[in-house]
Structure formats: structure tokens, C-alpha cells
Amino acid sequence: MKPVPDSRGYFGPYGGRFVPETLMAPLAELTAAWQEARRDRAFRRELAGLLATYCGRPTPISHAARLTRHLGGAQVFLKREDLCHTGAHKINNAVGQCLLARRMGKVRVIAETGAGQHGVAVATAAALFGLRCRVYMGTEDERRQALNVFRMKLLGAEVVGVDAGSRTLKDAINESLRDWVTNVATTHYVLGSVLGPHPYPLMVREFQSVIGSEALLQIRAQHRSLPNLVVACVGGGSNAAGIFSAFVPHRHVELVGVEAGGRGTRLGEHAARFAGGSPGVLHGTRSYVLQDQDGQVSPTHSVSAGLDYPAVGPEHAYWHDSRRVSYVQVADREALDAFHLLSEFEGIVPALETAHAIAYVARVAPRMASAQAVLVNLSGRGDKDVVEVARLEGVTL
Amino acid sequence: MSGRIDKAFARAGKAKRAAFIAYITAGDPAPARTVVLARALERAGADILELGVPFTDPIADGPTNQRAAERALAQGTSLPGVLGIVRELRYSSELPVVLFTYFNPVHAYGLARFAVDAAAAGVDGVLFTDVPVEEAGAAHAALRRVGVELVLLLAPTSTRERVKAVRKLAGSFVYFVARAGVTGARATLEEGLEEQVRLVRRLTKTRVAVGFGVSTPDQVARAARFADGVVVGSALVERIAELGDAPELPGEIEALARSLAIATRRK
């Protein structure tokens with residue numbers, strides 16, 4: 001399997017650059033600047049320094065001993081991205097791209113956000129580097145993630161609600177692309193996942209690959225061998241791409257991406273692109289898309305805003321078709337149960353996105369031998385979801 | 001080439017004016033009204049009709065066209081319906097039609113089948129808002145087989161190399177985006193637009209139509225001095241939004257379009 005897409009950004013038949021002409025020159029400029037930066041030792045050193053002294057890397061791997069005993073099967077290990085500054089893996093990419101934006105002489109950054117974690121991460125990095133920052137967020141997500149909206153404002157970012165389409169992540173990306181196309185000269189668009197036109201899927205994966213490189217060494221040290229199974233939730237797919245990238249060459253390690261099964265299997269009730277989607281073009285890239293027969297993008301549903309997106313990163317589409325990674329679905333109900341499970345057995349409140357991955361582990365770990373190991377990417381912590389979970393369970397705070 | 005687009009430009013050029021290209025979203029305010037509106041635009045002096053195919057995620061469009069797409073989708077208009085509208089228009093009109101579409105509806109329809117059905121319906125050209133020249137090879141080949149033009153976009157940010165690459169695939173005209181941004185009305189035209197249009201014409205050796213942000217007769221008149229064609233969209237779409245399905249809609253659109261068509265005359 002080739003580790004890198006081709007020069008046009010294609011992972012097999014997926015990827016590419018399907019954007020308005022106005023964005024083609026800026027994308028070429030971005031590609032060139034990033035290629036130059038990643039070869040520059042000073043840039044790499046500065047980024048590594050920030051990840052260590054500002055973001056709190058390396059994040060540890062925790063052995064979930066009580067959860068393991070409760071499930072009665074494989075040893076469960078958690079890669080603790082929830083311990084990153086701002087509470088999720090998103091900061092790895094945000095710091096990397098903002099460092100790049102400063103190097104490119106941009107004075108303003110924009111970002112889309114679903115769960116608000118990427119928006120918070122970009123607002124944080126923008127404050128760190130003194131860049132102006134605007135974050136687009138669907139109004140439905142603003143409601144679900146009110147805490148993160150206020151956090152972004154505290155960090156000096158301007159939050160703009162998007163009241164179009166399904167009022168979620170997809171519409172926030174539309175609005176970010178429109179802003180970028182209008183302000184390309186001064187602005188860098190910090191895309192938050194392994195989505196969008198080339199070079200974003202590749203660049204974001206590379207900024208997130210620190211998760212996998214750390215985890216590979218850590219699990220070898222703690223478990224004395226590679227895990228049998230690595231699990232991560234997949235919205236756009238950045239935390240999954242980050243941890244999978246290190247394990248893809250190790251063919252005996254099974255990789256599983258968990259999509260949002262929502263509340264049903266009909267179109268519009270879930271965000272399971274690999275179960276109900278087909279190849280299409282959305283937000284600049286060719287990948288699996290949830291759409292109707294006329295190619296209109298369908299609404300999605302998930303209890304977790306971060307997984308509530310109708311397409312998926314092109315590299316995941318490639319991994320899916322080549323069968324290197326299996327993709328499974330976890331329903332809202334199951335994810336909420338896992339949210340409680342991890343909180344009660346390990347003292348870790350996971351993000352609702354991450355709870356989908358935990359739910360899958362709870363499904364398969366009991367069927368595995370106790371000498372086997374499962375590594376889960378604990379992509380974010382759940383403080384942001386506490387209010388929404390209380391609301392769903394009828395608890396007044 | 002069907003030649004209708006070519007002839008329209010030639011006719012306008014001979015009359016010492018820029019071709020007037022009128023944009024509306026198909027299915028807005030209702031699918032049954034689109035043919036009526038197209039005929040009204042033709043009577044008003046439109047040389048080419050640019051027909052928008054509604055899409056759920058129109059990243060190149062401003063709020064005016066986004067809302068038009070939402071109204072059209074709510075009326076059930078999608079790509080097959082748009083082809084039906086063109087077929088119906090062809091019973092009574094030879095007005096050249098360029099479809100203005102995002103790639104995904106065509107991708108879902110199947111590129112080869114789309115090309116054949118579009119040609120059969122009487123479509124003259126297809127413009128993909130989100131397919132730059134690098135990704136346009138397959139679409140160009142499929143459309144050329146059936147004699148439909150691929151209309152490519154160029155922007156103020158396009159490099160010389162990109163302009164030259166467009167030249168290889170361009171049909172009877174290229175569409176120059178008047179300013180970096182999305183579709184929609186704006187107060188002024190960009191400084192330096194004239195030089196950019198001349199440069200694009202020289203490098204592509206083809207006609208240049210200017211659009212995005214051209215909405216008033218004054219702006220049309222200015223662009224008509226140096227462009228071969230002028231596209232007006234949002235101004236018409238906004239009027240359609242105001243009037244909805246009112247009985248006076250075709251008459252009002254005809255009057256507005258006439259004021260724009262007259263402005264394409266070069267003094």
C-alpha cells in the first residue's frame with residue numbers, strides 16, 4: 001500500500017481538488033509552503049517544541065484495568081488525547097497549521113467546527129500566535145455545544161453561526177470555503193479534519209500522525225507487543241487517521257473505524273457513510289458521501305456533533321475499499337451507555353464522539369482472549385457534552 | 001459543437017454589443033415557471049441562458065443563489081428535472097443554454113449518461129463551479145463526444161500557467177470571475193478587471209464573459225466595453241425571490257432583463 005497520495009492528492013480513486021477556480025492558486029501556494037516547511041528543520045523543531053511545552057505531548061497510554069476486568073476479555077489500553085491542552089487531539093493540527101499560516105504571512109485564520117473542539121483548538125492557537133480568528137459553526141451545533149461557543153469567545157475568536165442547510169458541520173464548512181474564497185490574500189483556512197481539497201487530507205493526517213507514532217512505541221513498551229486491534233471513531237476521520245497511520249504497515253494489527261449509527265438505518269437518521277453512502281464529491285474531495293439518487297447531499301443525525309457529517313476523508317475511503325480498515329456503526333443509545341461506562345469504570349468522561357469507539361470495544365473485547373490487547377484512541381474528553389447528556393436524560397442542571 | 005453559443009456571440013459582436021448572459025436557478029420559484037422565465041429573458045434580449053442546477057451545498061454561491069437553490073430543491077427540482085425543463089424549452093426556443101452546476105449531481109447521474117441526455121435535451125454548454133481544469137479531463141471528453149461545450153472558469157487568482165491550461169479545453173468562451181469571492185451583487189466592479197480580461201483573452205485566444213458581482217445596468221455597461229459577454233445572475237434571482245410565484249413575475253423579469261440587455265451596447 002502506498003503511504004502517500006499521488007501528486008494530485010488522489011488516494012486511489014478518492015481525493016483530488018474539486019473547488020472553485022479562485023481557490024486553485026491558494027491551494028498550490030499552501031501545498032508549496034507546507035512541503036517546504038515540513039522539510040525545514042527549524043519548523044519541525046518549533047512544532048515539536050510547542051507540542052511538548054504547550055500542548056502537553058506526549059500523551060500517555062493508560063491501561064484500563066477495571067474496564068478490562070468488567071468486559072472480561074482483551075486488555076484495553078487508552079491513548080489519552082483527552083489530556084492534550086484544550087481536551088482533544090484537534091490541537092495537534094491547529095498548532096501545526098497556525099504555525100504554517102504565520103510562516104506564510106497570513107494575519108487571519110478561519111475554521112469550521114462541529115463539536116466545537118476544533119474551533120476551540122484554532123482559537124487557542126490563534127491566540128498563541130497573535131492571529132485574528134473567526135470560527136463558523138452551525139446553529140444546531142451552537143445549541144448542542146454552548147460551552148465551547150463561549151470558550152472560543154473567551155479566547156478572542158469571533159464565532160459566526162451558520163443558519164443554512166442542516167445547520168451543522170457541513171454547512172459550517174460551506175461558509176468557511178466561501179469566506180476563504182473571498183479573503184484568500186490575508187487568510188488561511190485551518191480545516192479541522194482529513195477532508196477537503198488536496199493538500200488538506202494529507203497535511204492534517206501528517207499533523208495528527210504524532211498520535212500513532214507515540215502510541216506505537218508506548219504500547220510496545222507497556223504491552224510488550226503491538227495491539228491486536230486499534231479502534232477510533234470516524235467523523236471526518238482525523239483522530240483515526242492520526243492513530244491508524246502508524247499501524248497501517250503492520251498488517252497483523254486489525255484497524256476499526258467507528259461511524260455514527262444515529263437513531264436508525266434510513267437516510268437522514270445516521271452518519272454511516274460506509275453503510276449508507278456511495279462515492280461522490282463534497283467539499284473539494286471525492287469520497288463516500290451520504291446522498292440521494294440525484295446527488296443531493298442528505299441530512300445526517302448523530303448524538304455527537306463531531307461525527308454528524310455526510311462525507312468522510314478520502315484516505316478512509318481508500319482504506320475501506322482496500323479492506324485495510326473495517327468500518328462499523330454504533331448507535332446513539334450504545335454510545336451514551338459507553339459514555340457512562342468509561343466514566344464509572346475508569347474515571348474518564350469521554351467525548352460523545354469517543355464514546356462511539358468505547359462502545360465498539362465493549363462489544364468486541366469480551367470475545368477476545370485476555371492475552372490480546374485493544375488500543376482505543378481516546379480522542380477527547382467529555383466536559384463539553386455533560387450538559388447535552390443531562391438534557392437527553394431529562395436531568396435539569 | 002451545436003454552434004448556438006458561437007452564433008449568439010457572433011451576432012452580439014456584429015451588433016456592437018457584449019453578449020448578455022442571464023442566469024436563473026432552475027425550479028425557482030417553481031419548475032413549471034422556468035420555461036416561462038426563460039422565454040421572458042429571451043424576449044428581453046438575453047443571448048444565452050445560464051441555468052443553475054440546484055445543489056444542497058453550493059460553496060461558490062452567495063446567499064441569494066443559495067436561497068434560490070433551497071427554494072428549487074423544496075419544489076423537488078434536481079438534475080433530471082432540469083434536463084426536462086431544457087427539453088421543454090426547446091419546443092419553442094433556440095436560446096442557447098449553459099447549465100451552471102456543481103459536480104456531485106452529475107457524478108451521481110453518471111458523467112457519460114449525463115452528457116448524452118444533456119445533448120438530447122438541447123443543452124449547449126456545461127459549466128462546473130467546482131471542477132478546475134486539472135479535474136476536467138473526463139467531463140471534457142464525455143461532453144465533446146456529444147457536441148456539448150465545457151465552459152471553464154478563470155479567476156483573478158489564476159496563474160498564467162492555469163490560464164494556458166484552460167486554453168486547451170476551452171470552448172467558444174471562458175467565464176472570468178470578476179472578483180475573488182462568491183456569486184452575488186456588489187457595489188462596484190474591481191479595479192484592473194479590464195486588463196485582466198484582455199490578458200485572459202490574449203492567452204486563451206477565446207472569448208471572455210465576465211460574471212460574479214455584476215448586477216446593475218451601469219456595471220453591465222462598464223464590463224461590456226471590454227468583455228465579449230456579461231453574466232448577470234443575482235439581480236434577477238433576487239427579483240424572483242421578491243415576487244415569488246406572483247402573476248406579474250415574467251413581466252417584471254422581462255423589464256429588468258431588458259434594462260440590462262440594453263446596457264450591453266458599446267457606445
Side-chain angles (χ1 to χ4, degrees), chain A residues 7-10 15-29 162-166 169-187 196-198 277-287 289-299 310-311, chain B residues 53-63 66-67 69-70 73 76-82 101-110 114 128-136 152-163 165-166 174-177 179-184 186 212-213:
Chain A
S7 61
R8 293 167 59 222
Y10 273 94
R17 261 183 197 161
F18 293 87
V19 292
E21 172 65 23
T22 310
L23 288 182
M24 289 305 285
L27 284 169
E29 181 199 341
V162 180
D163 197 23
S166 57
L169 181 58
K170 152 179 105 76
D171 310 284
I173 296 179
N174 290 340
E175 214 49 48
S176 302
L177 285 166
R178 290 185 188 113
D179 181 317
W180 198 33
V181 91
T182 312
N183 301 298
V184 282
T186 57
T187 300
H198 178 63
S278 53
V281 172
L282 181 68
H283 295 148
T285 192
R286 187 172 187 275
S287 186
V289 179
L290 286 165
Q291 54 187 328
D292 69 12
Q293 56 177 15
D294 290 335
Q296 303 295 348
V297 178
S298 84
Chain B
V53 177
F55 181 52
T56 40
D57 294 85
I59 56 170
D61 283 297
Q66 276 177 62
R67 281 194 288 268
E70 280 175 15
L73 286 169
T77 308
S78 217
L79 184 56
V82 178
T101 186
Y102 290 83
F103 189 52
N104 202 51
V106 172
H107 187 274
Y109 197 97
F114 164 75
F128 295 102
T129 50
D130 54 355
V131 180
V133 63
E134 285 83 349
E135 306 283 358
L152 287 162
L153 289 152
L154 283 168
T157 53
S158 303
T159 55
R160 250 166 202 273
E161 294 73 53
R162 300 192 52 75
V163 178
V166 161
V174 297
Y175 188 129
F176 189 77
V177 174
R179 62 178 277 175
V182 293
T183 59
R186 289 187 187 84
F212 281 43

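Every chain is numbered from 1 and lettered A, B, ... according to where its sequence line falls, protein lines coming before strand lines.
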State the CD1-CZ distance between B/I59 and A/F18, to the nearest 0.5 angstrom. 11.5 Å

Partner residues of A/Y10 under the ring pair (Phe, Tyr, Trp, His ring centres under 6.0 Å) criterion, sequence neighbours left out: none

B/D57 versus A/H283, closest heavy-atom pair with distance: OD2-NE2, 4.4 Å

Segment of B/S158 engaging chain A (4.5 angstrom heavy-atom cut-off): both

Ignoring hydrogens, what is the shortest heavy-atom contact between A/G16 and B/E135? Give both atom names and the distance. CA-OE2, 3.5 Å

Scanning both residues in full, the closest heavy-atom pair of A/E21 with B/L153 reads CG-O, 3.5 Å

Just verifying a value: how many Å separate B/L154 CG and A/T22 OG1, rounded to the nearest 0.5 Å? 9.5 Å

For B/H107 versus A/V281, what's the shortest heavy-atom pair and its separation? CD2-CG2, 4.4 Å

Which bit of B/P132 is near chain A, if near means a heavy-atom gap under 4.5 Å: side chain, backbone, both or neither? both

Where does B/F103 contact chain A at under 4.5 Å (heavy atoms): side chain, backbone, both or neither? side chain

Quick check on the interface: out of A/P279, A/G284, A/P197, who has the most heavy-atom pairs with chain B under 4.5 Å? A/P279

Which of A/T182, A/L282, A/L23, A/D171 touches chain B most, by non-hydrogen pairs under 4.5 Å: A/T182

Contacting moiety of A/V297, where chain B heavy atoms sit under 4.5 Å: both

Find the distance between CG (A/D292) and OG1 (B/T56) and round it off to the nearest 0.5 Å. 8.0 Å

Heavy-atom cut-off 4.5 Å, strictly under: side chain, backbone, both or neither for B/P58 against chain A? both

Residue part contacting chain B, namely of A/Q293, when any heavy atom lies under 4.5 Å: backbone

Of all the heavy-atom pairs spanning B/N104 and A/G280, show the shortest one and how long it is. OD1-CA, 3.2 Å

For B/E134, is there any backbone N or O sitting under 3.5 Å from a side-chain donor or acceptor partner on A/R8? yes

If one checks every heavy atom of B/E161 against chain A at 4.5 Å, the contacting part turns out to be neither

Shortest non-hydrogen contact from B/E70 to A/G165? OE2-N, 3.7 Å

B/L73, part contacting chain A, at a heavy-atom distance under 4.5 Å: side chain

Select one option (side chain, backbone, both, neither) describing which atoms of A/I173 are under 4.5 Å from chain B's heavy atoms. neither

